[in-house]
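Structure, as structure tokens:
Protein chains get the first letters and strands the later ones, always in sequence-line order, with residue 1 at the start of each.
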Amino acid sequence: MTALLEVSHLRKTYGATTAVDGVSFSLPPGGALGLVGESGSGKTTTARMLVGLERPDSGTIRVLGEAPAATLRGRTARLARAKAVQMVFQDPYLSLDGRLTVGSTLDGVLRLHGCHDRATRASRVRELLAQVGLGEREAAALPRHLSGGQRQRAAIARALAVEPAVLVLDEAVSALDVSVQAQVLNVLTDIRREAGIGLVFVSHDLAVVRYVCDEALVLLRGRPVEHRPIADLLDDPGHPYTRLLLDSVPRPGWDPETIARRRREVHLAGQGDRFLREL
Amino acid sequence: MTLLEIDALTVELPGAARPVLDAVTLRLAAGEVVGLVGESGSGKSVTARSALGLLPARARVTGRVLVEGRDLVGADAARLREVRTGVASMVFQDPRAGINPVRRIGDFLTEPLRLTKGWSRREAEARALELLAAVGLPDPPRHLRQYPHQLSGGMLQRVMIAGALAGEPRLLLCDEPTTALDVSTQAEILALLGGLQRARGLGMLLITHDIELAAASCDRVYVMYAGRIVEQAPAAELFGSPRHPYTRGLLGSTPPLTGPLERLRPVPGAPMSLAESAPGCAFAARCTFAEPGRCDHSAPELLPLTAAPDRSAACFRVAELPNPAVTEARP
């Protein structure tokens, strides 16, 4: 079975800063991979390379066995890229066109991707919205009249409208209230199971990654430190950094002082590597 | 005298369908760490800000906010200044938004001391150096000359905490102090806050949307929903056996890090906005236990539980509901 996504040795630098280095993974149909790490670890840069918003310095990304066009000049190339990978951004307040109702946003996407029959589009729009738990009222509303959770679900419906092979979610549930976040998480696990869409799920929240994903890739300063099934990773973290992230999650009996000390140790060790590299 | 005593505080804004705060009553003793948990729009920030006398302009306010016995509702400028400069201070969520980006860290820390205490530049700088060392920053003299953009988010939040400590407050109000930070930075900041709180015997109000964080760091927790306090309990008990249906819903919506992985049972619908109102319990529309004709008819009061007098809940059906410790609590 062809992997949905085959990523090898991605590297991206900005001047002297290496944002991502040596990221490789493969995503089977219906698979879900969590990209985990702190800010500056390269999670978002990796996500943006997958969608084509950043061009890697080296390394390859293959979707369904094919390398997407290197440049996105022309309508066909752009539409093909859109079909391959779609992205849902963190902030549902900024990622939808504020002047279009949710229904017409979805309608526009369908039209652009070659659905010319108005009635077919209308029924597909209803179907997409139902899939994320939205109805007629939300379809007719402008994004600003919807709550954060409704907007984020609309953004997911917009991404699904294209029927992409892979959906990349960059901290897509972080800004939502817990009770609403749970609704969106259930939507994600459902579309994965029902439509076989692959998910790349960028998050700093290990509990959420555990709920949504099969595997997790932990990034530290742009480099992968651990890539394993999420259950194993949480049971027995192999890298001190993964253990630190896991212990940092608040829970009863939690001791922030020990974690703070260990964090300094991991980061001091990191400065050591950098020092060695510079030599 | 209680350090902070909020008594039936109601805040109404013109044009809103429901009060921002509806008869909020809260107590915080010296040396106690109290959590205030809720989702966006629940009124937790407005409650915390009331302890500095910072209430929305044009709001109609009734009730009392006593800080060491001084009522801040309708207080004059002199009393507000007295409380804000010497008794209570606030750590805000986003240090990048809370610290002037075009002024040096030194200015941020020394200006209030010079203006409110009339200290000389030299005295204020000496104090600023002490404060930066107290919050664990590595090189205080250098930080004094730095601009906010030269520090990471975690370091800048330490600067914010140093600023909050400048007036030697007895009450520290922390409004989502770690929400803008990474998880492991969150642990550092909470370790710092916990250490300062214990060393100085501060009363601390920790506002957070993260119920597990509150359970892990606080002595006692209040849960807010739509401007009302719906449950109050010692932190460990709240987490182990939530009583109010909303608190149960919050815990049922949080994916667990350990134990069996069941499908989440999200609370249906969305938190109530200021444009909506309900004649009865504000949570009734989303509540699986709501009883038509009762819960949507009048609003339940926050009352002590008969079985556990140190806990309280605002729910008509709290005594009839199945015991969550057996049926719903997570391992």
Counting N and O atoms only, with roles assigned by atom type, does the side chain of A:Arg251 sit under 3.5 Å from a partner on the main chain of B:Glu212, one being a donor and the other an acceptor?
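Such a contact is absent between A:Arg251 side chain and B:Glu212 backbone.
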Heavy-atom distances under 4.5 Å only: say whether [X] touches chain B with side chain, backbone, both or neither.
X        : value
A:Ser174 : neither
A:Gln181 : side chain
A:Val249 : side chain

Decide yes or no for [X] and [Y]: does some side-chain heavy atom of the first lie under 4.5 Å from some side-chain heavy atom of the second?
X        : Y        : answer
A:Leu246 : B:Leu257 : yes
A:Pro250 : B:Asp210 : yes
B:Arg263 : A:Asn186 : yes

Have a look at B:Pro255 and tell me which of A:Leu185, A:Val212, A:Asp205 forms a side chain to side chain contact (heavy atoms under 4.5 Å, CB included) with it.
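Of the listed options, the one satisfying the test is A:Leu185.
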I need the minimum non-hydrogen distance between [X] and [Y], along with the two atoms involved.
X        : Y        : result
A:Ala182 : B:Pro266 : CB-CB, 3.6 Å
A:Glu38  : B:Thr185 : OE2-OG1, 4.0 Å
B:Leu264 : A:Tyr211 : N-OH, 2.8 Å
B:Ser253 : A:Val178 : CB-O, 3.6 Å

What's the spacing between [X] [atom1] and [Y] [atom2] if we round to 0.5 Å?
X        : Y        : atom1 : atom2 : result
B:Leu190 : A:Trp254 : CG    : CH2   : 4.5 Å
A:Gln183 : B:Arg265 : CD    : CZ    : 14.5 Å
A:Leu234 : B:Thr258 : CG    : OG1   : 9.5 Å

Under the side-chain hydrogen bond (donor to acceptor under 3.5 Å, both in side chains) rule, what do A:Ser248 and B:Gln186 come out as? Steps first, then yes or no, please.
CA-CA 8 Å; A:Ser248 299; B:Gln186 162 168 297; over 6 Å; no
Pairing residues for A:Ser95 by the side-chain hydrogen bond (donor to acceptor under 3.5 Å, both in side chains) criterion, not counting sequence neighbours
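For A:Ser95 there are no side-chain hydrogen bond (donor to acceptor under 3.5 Å, both in side chains) partners, ignoring immediate neighbours.
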Choice from A:Gly37, A:Ser39, A:Ser147 maximising heavy atom contacts with chain B below 4.5 Å:
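Top count of heavy-atom pairs under 4.5 Å with chain B: A:Ser39.
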Option that, when pairs with chain B are counted at under 4.5 Å, heavy atom only, ranks first among A:Asp255, A:Val208, A:Asp190, A:Thr189
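The residue among A:Asp255, A:Val208, A:Asp190, A:Thr189 with the greatest pair count is A:Asp190.
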Checking an interface table here. Which of residues 214-221 of chain B come within a heavy-atom distance under 4.5 Å of chain A?
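Only B:Ala216, B:Ser217 of residues 214-221 of chain B have a heavy atom under 4.5 Å from chain A.
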